[in-house]
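Letters A, B, ... mirror the listed sequences (proteins, then strands); counts begin at 1.
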Amino acid sequence: MSVRVQAEPFDPGAELAGFARGRRDVGAQVSFAGIVRDDTGDLKHMEIEHYPGMTEKAIAAIEAEAVARWSLKDSLVIHRHGRLAPGETIMMVATAAAHRGDAFAAAEFLMDYLKSRAPFWKKEVTGSGAGWVAARDEDEDALGRW
Amino acid sequence: MSVRVQAEPFDPGAELAGFARGRRDVGAQVSFAGIVRDDTGDLKHMEIEHYPGMTEKAIAAIEAEAVARWSLKDSLVIHRHGRLAPGETIMMVATAAAHRGDAFAAAEFLMDYLKSRAPFWKKEVTGSGAGWVAARDEDEDALGRW
Amino acid sequence: MIEVLYFAWVRERIGLPKERVETAAVTVADLVEELKAREPRYAAAFADTAALRVALDQELGSFDAPLAGVREVAFFPPMTGG
Amino acid sequence: MIEVLYFAWVRERIGLPKERVETAAVTVADLVEELKAREPRYAAAFADTAALRVALDQELGSFDAPLAGVREVAFFPPMTGG
């Protein structure tokens, strides 16, 4: 189980290559990567603010909950803060389990909770100004399924 | 959309690094990797047989169905056949979408169908003999949710 | 003339991966009966068709499907990919 | 004395990321009322507390939570991580 909150870019492929390696009890690995989209072509960059101290604690608590609910052999959460350009990876989660059901469910759970319960706030800076990304009702609703 | 069926090993991290790159409409990437487990410590290797010709067609049909059901920007399926040692990656799927819901659902759908509808058969060779892996009822049942 | 393929333990029980079969069978089930009548190894492989799957020209099919126009039939156990 | 932190647009509206507040407020809601009474920028930031979240000593809490023993209170909009 590990958590990293960092300003520096990271390479999800390389992280995944080093994740849960050398274990003989892992049959399934699921990863998610969140990437800065630019649907309109107008996004200059994204700024991600976070709450140092609380962020790591909140993520660790979410991860502990996932481990308690599913048969996980390992898990990883990396989340960036600061300025990110379109196409850059914002964050990733990875889960390792014996079977795919646990690995998928835990990864989706981690994502749903990271979206709405980890103290990050996204601001989009476009050619015409800057604005905070509003939380989506469906993200809050997604928590209801767990 | 791409499908590869091959005997050669591949590196899921490197594949993921090259997947759906340079797109500005992708906000979510999900990957799954299936790995040869060895719970008992007795597995020498796994042998995966497949049905050349049908395999690629079956996977392409499953992928087309996923694209028809979810808003996918890209998808990737790689599946090995032949002899694999414990710890080796058997197969991977990756999906790219604007939002995580589509990427997760499509990846799980692909996995459920690849398990039970793509012509692969696994044989485990252990110290005490060899045996074909039996299909699990729950894998067949998993198709019912889609 | 139909190309008949066998995979996994069906292949092992019958002892060959494929063969050309001269048949007048109307359905897959008819073909299975013809094969079972040949030799014990076929009878053993096809003893429980509920445990088998069939593909017709590389598409999954059923045992009551007609063989008219079909060039390739494959028999195998439930798939275990992924 | 409580350390009060502001994030995202709450921080922007109030114009500072954190401050030490001398308060006798019993609950978070009481603290919010005290802050709102200070200056229009606070009143603007706390105009709609339904749109805000609060953390007490770095754990999510509620506006009716007591402040006794709490060293750090943070106000921010709904989180948008992931």
Who among B:Met111, B:Arg21, B:Arg23 has the most heavy-atom pairs with chain A under 4.5 Å?
B:Met111

Checking B:Ser31 against A:Val30 for the side-chain contact (heavy atoms from CB on, under 4.5 Å) test, could you report, in this order, the C-alpha distance in whole Å, the side-chain angles of both residues, the deciding distance, and whether it holds?
CA-CA 6 Å; B:Ser31 78; A:Val30 169; over 6 Å; no

Got a second to check how far B:Thr40's OG1 is from A:Asp25's CG, nearest 0.5 Å?
12.0 Å

Quick check on A:Ala98 against chain B: is it the side chain, the backbone, both or neither that has a heavy atom closer than 4.5 Å?
both

Where does A:Ala107 contact chain B at under 4.5 Å (heavy atoms): side chain, backbone, both or neither?
both

Which one, B:Gly18, B:Gly87, B:Ala14, B:Pro86, leads in non-hydrogen pairs under 4.5 Å with chain A?
B:Pro86

Please determine which of B:Asp38, B:Val36, B:Ile35 meets the side chain to side chain contact (heavy atoms under 4.5 Å, CB included) test together with A:Arg24.
B:Asp38

Looking at B:Asp39, B:Leu16, B:Val26, B:Asp11, which one has more heavy-atom pairs under 4.5 Å with chain A than the rest?
B:Val26

If you take all heavy atoms of A:Gly27 and B:Arg37, which pair is closest and at what distance?
N-CG, 3.4 Å

So which residue, A:Pro12, A:Gly13, A:Ala33, ends up with the most heavy-atom pairs under 4.5 Å with chain B?
A:Ala33

Any non-hydrogen side-chain atom of B:Arg100 less than 4.5 Å from a side-chain atom of A:Phe32?
yes

Do you know which of A:Arg136, A:Glu138, A:Met92, A:Glu15 has the most heavy-atom pairs under 4.5 Å to chain B?
A:Arg136

Which atoms of B:Ala94 approach chain A - backbone, side chain, both or neither, heavy atom under 4.5 Å
neither

